Each structure stands twice: as C-alpha cells, then as structure tokens.
Student: 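Just passing along the structure, written as structure tokens.
These numbers were taken from a predicted model, which means no experiment stands behind them.
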Amino acid sequence: MNERSVVARHTGGLRFELATGTSHTLVLDDGQGDSGPRPTEALLAALASCTAMDVASLLVKKRQAFTAYAVEARGTQRAEHPQVFTWIELVHVVAGPAIDEVAVRRSIELSATKYCPISAMVSAGPTEVHHRYRIHDMMGEPGGAREGEVAVTGPEAAFRAVQP
C-alpha cells in the first residue's frame, strides 16, 4: 500500500501553498486572491492528467505514433454546498498519421475502469463522468475528425460502455 502526503500552509487570504511528500509545491487560491487554481480546478487537472498519463502510456505500448495528445476536461458543480461535481466530460484529443480508433477507445476504457485512481474515486461519488475521444488524422482525413464516447462511469453505472 502506498502512502501519499501533502501539507497545506496558509499564506494569506484564502491562498495555500501545498508541499507534497515528493518535494513538489503547488499554490491553490480562491477567486478573490486568484494566485493559483481553485481546488475544484485542481481536481479536474488531477483527473485529466491521471487519465492522460494512462492513455499516453497505453498508446505507446499499442504502437500508436501520435504527434499530439491532450485531454480537455470540463465539469458542472451543484449550486448548493457542498458544491460537488455532478457531471464531468473528458475528451481525449489524439492526432497522428495512422491512429487506430480501436486502440484509442480501448486505452481510454482501461484508464476509466482500471488504471486511473482519480477517475475511480470521482466516479464512486455523485459524479457522472463521460469519457470521449476525438482523433485528427494528419494525412487530411476527409470529413474531419473521428469522435465518440467510450464509456460513462459514475453513480448510476459503475461502468457503462458506449458502443461505437
């Protein structure tokens, strides 16, 4: 079992400097101080980067020569407290000359259901998470990008696969 640690030190207003157990620092703040991301933005960032690391690693193992890769994350929070996310969308945007759509879909599915601990924790609560993709063919694919939804995880379905 791995143990992780963070210390959050108040530095004024609602600004906190966080020191991780692995010797990294991060500043979080509210909208008034605005010297760093809000904690909820940091949660979206953690989710996006966690799944991105999984998918990038899996695509390399599947010999997918992507030339660009990004994860776009957005979410909706409840108006009342606690203002938890009720809906999150993750869009994996992959570009390359011959990207296999099946490999992308499977990599996202594995991240959403097996590898990404942030996704598992968020999906175990009241949040519905939509895992999508968009593939851009660098060879000038007619008709634009290929895109679709891979899965929905969350409170009503631990995992619901979406057929291509």
Side-chain angles (χ1 to χ4, degrees), residues 1-66 68-94 102-134 149-162:
M1 185 174 284
N2 291 328
E3 183 176 304
R4 303 286 184 223
S5 65
V6 173
V7 174
R9 286 192 173 73
H10 182 249
T11 60
L14 290 179
R15 180 180 191 269
F16 286 83
E17 185 173 291
L18 294 98
T20 70
T22 55
S23 302
H24 297 281
T25 59
L26 176 67
V27 172
L28 296 181
D29 204 347
D30 70 344
Q32 290 179 331
D34 202 26
S35 63
R38 315 308 172 259
T40 52
E41 291 172 322
L43 178 74
L44 281 178
L47 177 56
S49 59
C50 180
T51 190
M53 289 178 191
D54 291 341
V55 171
S57 174
L58 290 164
L59 289 175
V60 168
K61 287 177 185 171
K62 293 175 181 288
R63 302 182 198 283
Q64 298 301 299
F66 56 90
Y69 174 55
V71 175
E72 301 169 355
R74 63 187 181 113
T76 304
Q77 292 177 260
R78 285 194 320 210
E80 64 278 353
H81 291 281
Q83 295 175 320
V84 298
F85 283 105
T86 56
W87 178 89
I88 292 175
E89 179 183 60
L90 300 169
V91 181
H92 298 258
V93 182
V94 185
V102 173
V104 170
R105 290 182 63 87
R106 182 66 178 144
S107 297
I108 294 168
E109 180 183 337
L110 285 169
S111 177
T113 62
K114 185 175 182 179
Y115 294 123
C116 178
I118 308 299
S119 182
M121 286 186 286
V122 169
S123 295
T127 311
E128 183 175 283
V129 183
H130 292 258
H131 305 266
R132 301 183 52 79
Y133 66 92
R134 185 178 322 118
E149 187 164 55
V150 175
V152 178
T153 56
E156 299 303 317
F159 170 72
R160 183 174 76 230
V162 179

Student: I'd like to know if the side chain of S107 reaches the main chain of A103, judged simply by a donor and an acceptor atom lying under 3.5 Å from each other, with no hydrogens or angles considered.
Tutor: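 Here the side-chain-to-backbone pair exists.
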Student: Which pair of non-hydrogen atoms, one from A56 and one from F66, has the smallest distance, and what is that distance?
Tutor: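 Result for this residue pair: O-CE2, 4.0 Å.
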Student: Between atom NE2 of H92 and atom OG1 of T51, what is the distance when rounded to the nearest 0.5 Å?
Tutor: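 So the NE2 of H92 and the OG1 of T51 are separated by 3.5 Å.
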Student: Working to the nearest 0.5 angstrom, can you tell me the gap between L18 CG and R9 CZ?
Tutor: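 Interatomic distance, L18 CG to R9 CZ, rounded to 0.5 Å: 10.0 Å.
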Student: Could you tell me the separation between the CZ atom of R106 and the OG atom of S111, rounded to the nearest 0.5 Å?
Tutor: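 Rounded to the nearest 0.5 Å, the CZ-OG separation comes to 11.5 Å.
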Student: Within the 4.5 Å heavy-atom criterion, are L110 and D54 side-chain neighbours or not?
Tutor: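 They are not in side-chain contact.
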Student: Measuring from Y115:OH to C50:SG, what's the distance to the nearest 0.5 Å?
Tutor: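 It is 12.5 Å, given to the nearest 0.5 Å.
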Student: Give a yes or no on whether the backbone of H24 and the side-chain of T20 come within a donor-acceptor separation of less than 3.5 Å.
Tutor: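 Yes, T20 side chain to H24 backbone: donor-acceptor pair under 3.5 Å.
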Student: Quick check against the 3.5 Å criterion: does T127 have a side-chain atom that pairs as donor or acceptor with the backbone of F85?
Tutor: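 Pair found, side chain donor or acceptor close to backbone of F85.
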Student: Heavy atoms only: give me the nearest P126-V84 pair and the separation to one decimal.
Tutor: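 It is CG-CG2, 3.9 Å.
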Student: Contact between V104 and Q64 at the side-chain level, heavy atoms closer than 4.5 Å - yes or no?
Tutor: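 V104 does not reach Q64 side chain to side chain.
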Student: Would you indicate whether the side-chain heavy atoms of E128 and V152 approach each other to under 4.5 Å?
Tutor: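 The answer is yes; the side chains approach within 4.5 Å.
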Student: Once rounded to the nearest 0.5 Å, what's the spacing between atom OH of Y133 and atom CD of E149?
Tutor: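 With rounding to 0.5 Å, OH (Y133) is 10.0 Å from CD (E149).
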Student: Measure the spacing between SG of C116 and CE of M121 and express it to the nearest 0.5 Å.
Tutor: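 Result: 8.0 Å between the selected atoms.
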Student: I'd like to know if the side chain of Q83 and the backbone of A79 have a donor-acceptor N/O pair within less than 3.5 Å.
Tutor: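 At least one qualifying donor-acceptor pair exists.
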Student: Is there side-chain contact between L90 and L47, with at least one heavy-atom pair below 4.5 Å?
Tutor: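 Yes, side chains in contact.
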Student: Locate the shortest heavy-atom distance separating T40 from Q77; write the atom from each residue and the value.
Tutor: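 Taking every non-hydrogen atom into account, CG2-NE2, 3.4 Å.
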Student: May I ask you to check whether over 12 heavy atoms, not counting those of K62, lie within 6.0 Å of atom NZ?
Tutor: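 Count over threshold, so yes.
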Student: Would H10 and F16 count as a close aromatic pair, with their ring centres under 6.0 Å?
Tutor: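 Distance test on ring centres: under 6.0 Å, yes.
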Student: When you measure from the side chain of D29 to the backbone of Q32, do you find a donor-acceptor pair of N or O atoms at a distance under 3.5 Å?
Tutor: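 Pair absent, no side-chain N/O of D29 close to backbone of Q32.
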Student: Taking side chain as C-beta onward, heavy atoms only, is V55 less than 4.5 Å from Y69?
Tutor: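 The answer is yes; the side chains approach within 4.5 Å.
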Student: If only atom types and distance count, is the side chain of S49 paired as donor or acceptor with the main-chain N or O of A46 below 3.5 Å?
Tutor: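 Checking the backbone N and O of A46 against the side chain of S49, a donor-acceptor pair under 3.5 Å is found.
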Student: If you compare all heavy atoms of S119 against all heavy atoms of A112, which two are closest, and at what distance to 0.1 Å?
Tutor: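 Reported closest heavy-atom pair: OG-O, 3.7 Å.
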Student: Among residues two or more places apart or on two chains, list those pairs meeting salt bridge (Lys or Arg N to Asp or Glu O under 4.0 Å) that have a residue in residues 68-86.
Tutor: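 Listed by first then second residue: E72-R134, R74-E89, R78-E80.
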Student: Run the side-chain contact (heavy atoms from CB on, under 4.5 Å) test on L59 and K61 for me, step by step, so that the C-alpha distance in whole Å, both residues' side-chain angles and the decisive distance to 0.1 Å come before the verdict.
Tutor: CA-CA 5 Å; L59 289 175; K61 287 177 185 171; over 6 Å; no
Student: At their closest point, which heavy atom of R132 faces which heavy atom of I108, and how far apart are they?
Tutor: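 Closest heavy-atom pair between R132 and I108: O-CD1, 3.8 Å.
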